[in-house]
> 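The following block contains the structure, expressed as structure tokens.
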Amino acid sequence: MERRINEAAAEGSVIRLHNLLQEDALVLDRFMAGCYAETPLHIASMLGHIDFVQEVLRRKPELAGELDSRKSSPLHLATAKGYLDIVKKLVSVNPEMCFVCDRDGKNPLHIAVIKDHVHVLRELVQVRPQAARILLDRGETILHLCVNYSQLEALKFLVKTVSDQELVNSKDEDGNTILHVAVIDKQVKAIKFLTTSTTIDVNAVNAKGFSALDISTQSKRDIKHWEIAESLRLARAISAKDIQLSTAEGTTTAQPQSNLSSQGKNRGKPRQKNLGKHDDWLKEKRSALMVVASLIGTVAFQAGVSPPGGVWQDDNGHNAGSPILADNNRIFYNIFFTLNSIGFVASLSIILLLY
């Protein structure tokens with residue numbers, strides 16, 4: 001009988017459900033009393049059979065609270081598939097299932113974020129907004145999940161709807177805020193949103209002692225790196241070293257000054273505070289010079305191998321492989337060869353000095 005009703009759920013056949021219930025009126029109760037991998041409601045919810053779901057819930061609404069072998073409720077499965085009508089029906093019967101976590105520690109709101117079903121996420125948040133504050137196993141918030149899975153629209157919705165300064169600045173067990181995670185993954189749009197439209201602490205330090213700017217300076221230099229660095233600069237982000245110097249300066253300044261010698265020592269503080277920023281500036285310039293020098297060296301080498309006008313292909317009155325320009329216009333060729341050699345040697349020297 002259990003196999004037959006599961007087949008009816010897979011087909012979404014309400015008629016077969018009625019027939020089976022006429023044969024055995026307790027068949028649905030047995031799914032609640034026994035140990036089964038899943039219930040007919042799980043199957044119908046996962047496959048999107050809204051009529052079957054409604055009929056089961058009408059007869060046995062308690063099935064909405066049953067969990068399968070992975071501790072997933074029918075709401076988990078309907079959410080994962082993005083079936084909004086079924087989600088609405090399930091939460092109308094048992095809204096507390098929004099708080100239930102599966103074997104991986106995720107509730108239906110977490111599933112909606114991962115699957116990028118923002119329309120379902122809106123419904124769940126409207127029903128139980130506090131479910132968005134349940135932490136994952138590693139101390140991550142639902143906002144961490146948005147960034148981890150690159151779900152920008154879900155992030156914007158949650159920040160606008162349920163987030164506050166405490167939630168947006170929450171850290172996982174590694175001490176990373178969502179800004180740290182976004183910088184690590186080089187999510188430019190998410191970083192711009194966080195630094196311009198939220199109350200994120202751009203200078204928060206993780207468990208390893210790194211701020212978001214520190215992570216950015218350690219990443220590979222590319223187009224995304226420059227965009228991220230610009231966003232952090234505009235948000236007044238600083239390195240962890242500068243944060244420590246600023247904290248130390250604030251502590252010293254708060255203490256009463258007893259003599260001129262102590263005042264003289266404090267005058268040197270701003271200079272120390274700026275050393276970190278100066279070092280970061282030097283790193284940026286060094287990277288830019290390395291890129292430019294590499295480009296010049298490549299172009300100069302290519303020009304030396306294939307000079308303007310090409311080379312002679314045969315020995316018909318010339319030396320095969322010798323530059324054509326050298327025979328046609330020796331003066332211009334000498335100028336070209338001299339300048340090209342200078343550029344090539346200069347670029348190699350810069351690369352060796354910066355390496």
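Heavy-atom basis, side chains included; hydrogens, waters and symmetry copies ignored. Note that the structure is predicted; figures quoted are calculated from it, not measured.
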> Is a donor on one side and an acceptor on the other found under 3.5 Å between the side chain of Asp214 and the backbone of Ala240?
yes
> Do the side chains of Leu124 and Leu135 join up, straight or via other hydrophobic residues, at under 4.5 Å, putting them in one cluster?
no
> Can you tell me how far the CD1 atom of Ile178 sits from the CD1 atom of Ile200, to the nearest 0.5 Å?
4.5 Å
> Is Arg122 positioned over the aromatic face of Phe157, cation under 6.0 angstrom from the ring centre and no more than 45 degrees off axis?
yes
> With heavy-atom distances below 4.5 Å as the criterion, would you say the side chains of Asp222 and His225 are in contact?
yes
> Using atom types as modelled and distance alone, determine if a side-chain donor or acceptor of Thr195 lies under 3.5 Å from a backbone N or O of Lys192.
yes
> Within this structure, what is the CG-SG distance for the pair Asp116 and Cys146, rounded to the nearest 0.5 Å?
9.5 Å
> Check the pair Glu227, Lys224 against salt bridge (charged side-chain N to carboxylate O under 4.0 Å, His left out), reporting the backbone distance first and the verdict last.
CA-CA 5 Å; Glu227 293 185 53; Lys224 287 186 177 180; over 6 Å; no
> Quick check: is Leu167 connected to Val181 through a chain of hydrophobic side chains (ILVMFWY, heavy atoms under 4.5 Å apart)?
yes
> When you measure from the side chain of Glu38 to the backbone N and O of Ser69, does any donor-acceptor pair fall under 3.5 Å?
no
> Please answer whether the main-chain N or O of Ala131 pairs with a side-chain N or O of Asn107 as donor and acceptor at a distance below 3.5 Å.
yes
> Mark yes or no for whether Asn169, through its side chain, and Thr199, through its backbone, hold a donor-acceptor pair below 3.5 Å.
yes
> Looking only at side chains, do Thr177 and His180 share a donor and an acceptor under 3.5 Å apart?
yes
> Do Leu28 and Ile5 have side chains that approach each other closer than 4.5 Å (heavy atoms only, starting at C-beta)?
yes
> Got more than 12 heavy atoms from elsewhere within 6.0 Å of NZ, Lys186?
yes
> If you count the non-hydrogen atoms of other residues, nucleotides and ligands that lie under 6.0 Å from OH in Tyr36, is the total more than 12?
yes
> At their closest point, which heavy atom of Ser231 faces which heavy atom of Ile191, and how far apart are they?
CB-CG2, 4.1 Å
> For the hydrophobic clusters of this structure (ILVMFWY residues joined by side-chain heavy atoms under 4.5 Å, transitively), does one cluster hold both Leu17 and Ile86?
yes
> Do the side chains of Leu232 and Ser216 get nearer than 4.5 Å, heavy atoms only?
yes
> Nearest 0.5 Å, please: how far is CG in Leu145 from NE2 in His110?
6.5 Å
> Kindly give the heavy-atom pair with the smallest separation between Gln187 and Ser150, and that separation in Å.
NE2-OG, 3.4 Å
> For Thr79 and Val120, work out which heavy atoms get closest and say how close.
CG2-CG1, 3.8 Å
> Looking at every non-hydrogen atom in both residues, tell me the closest pair between Ala293 and Ile351 and how far apart they are.
CB-CG1, 3.8 Å
> To the nearest 0.5 angstrom, please state how far the CG atom of Leu20 sits from the CD1 atom of Ile15.
12.0 Å
> So, the side chain of His76 versus the backbone of Lys71: is there a donor-acceptor pair under 3.5 Å, distance only?
no
> Does a sphere of radius 6.0 Å around CZ in Phe99 hold more than 12 heavy atoms from other residues, nucleotides or ligands, not counting ones at 6.0 Å or beyond?
yes
> Evaluate side-chain contact (heavy atoms from CB on, under 4.5 Å) for Glu123 paired with Val127, printing each intermediate quantity in order.
CA-CA 6 Å; Glu123 178 67 22; Val127 174; 3.9 Å; yes
> Please step through salt bridge (charged side-chain N to carboxylate O under 4.0 Å, His left out) for the pair Asp164 and Arg133, ending with a clear verdict.
CA-CA 11 Å; Asp164 52 27; Arg133 296 183 176 273; 3.1 Å; yes
> Look only at the side chain of Arg128 and the backbone of Met97, and say whether a donor-acceptor pair between them is shorter than 3.5 Å.
no
> Could you check whether His18 and Glu55, counting side-chain N and O atoms only, form a donor-acceptor pair closer than 3.5 Å?
yes
> Any sub-3.5 Å donor-acceptor pair from Asn340's side-chain atoms to Ala300's backbone N or O?
yes
> Should Phe31 and Lys60 count as side-chain neighbours, where that means a heavy-atom distance under 4.5 Å?
no
> Step by step, would you call Val159 with Phe193 a side-chain contact (heavy atoms from CB on, under 4.5 Å)?
CA-CA 10 Å; Val159 167; Phe193 169 72; 4.0 Å; yes
> Are any non-hydrogen side-chain atoms of Cys98 and Leu75 less than 4.5 angstrom apart?
yes
> What pair of heavy atoms forms the shortest contact from Leu77 to Ser72, and how long is it?
CD2-CB, 4.4 Å
> Can you list the steps and then say if Cys101 with Ile134 is a side-chain contact (heavy atoms from CB on, under 4.5 Å)?
CA-CA 9 Å; Cys101 295; Ile134 293 180; 4.1 Å; yes
> Does Met32 belong to the same Ile/Leu/Val/Met/Phe/Trp/Tyr cluster as Leu90, with side-chain heavy atoms less than 4.5 Å apart forming each link?
yes
> Would you please classify the geometry between the His119 ring and the His117 ring as parallel, tilted or perpendicular, with 30° and 60° separating the classes?
perpendicular
> Is a side-chain N or O of Asn176 found less than 3.5 angstrom from the main chain of Asp172, in a donor-acceptor match?
no
> With heavy-atom distances below 4.5 Å as the criterion, would you say the side chains of Leu41 and Glu62 are in contact?
no
> Could you give me the CA-CA distance, side-chain angles and deciding distance for Arg138 and Asp174, then say whether side-chain contact (heavy atoms from CB on, under 4.5 Å) is met?
CA-CA 8 Å; Arg138 297 185 65 256; Asp174 295 324; 2.5 Å; yes
> Could you tell me whether the side chain of Arg3 reaches within less than 4.5 Å of the side chain of Glu7, counting heavy atoms only?
yes
> Might you confirm whether atom CD of Glu166 has over 12 heavy atoms from other residues, nucleotides or ligands at distances under 6.0 Å?
no
> Got a second to check how far Ser170's OG is from Ile142's CD1, nearest 0.5 Å?
12.5 Å
> For Asp104, does its backbone N or O pair with a side-chain atom of Asp102 as donor and acceptor, under 3.5 Å?
yes
> Look up atom OG in Ser294 and atom CG in Leu348, then write down how far apart they are to the nearest 0.5 Å.
9.5 Å
> Side-chain contact, heavy-atom cut-off 4.5 Å: Leu121 with Leu158?
yes
> So which heavy atom on Val168 is nearest to which on Gln165, and how close?
CG1-O, 3.4 Å
> Taking atom CZ of Arg236 as the centre, report whether more than 12 heavy atoms of other residues, nucleotides or ligands fall under 6.0 Å from it.
no
> Are Tyr83 and Ile111 in one and the same hydrophobic cluster, where Ile, Leu, Val, Met, Phe, Trp and Tyr link if side-chain heavy atoms are under 4.5 Å apart?
no
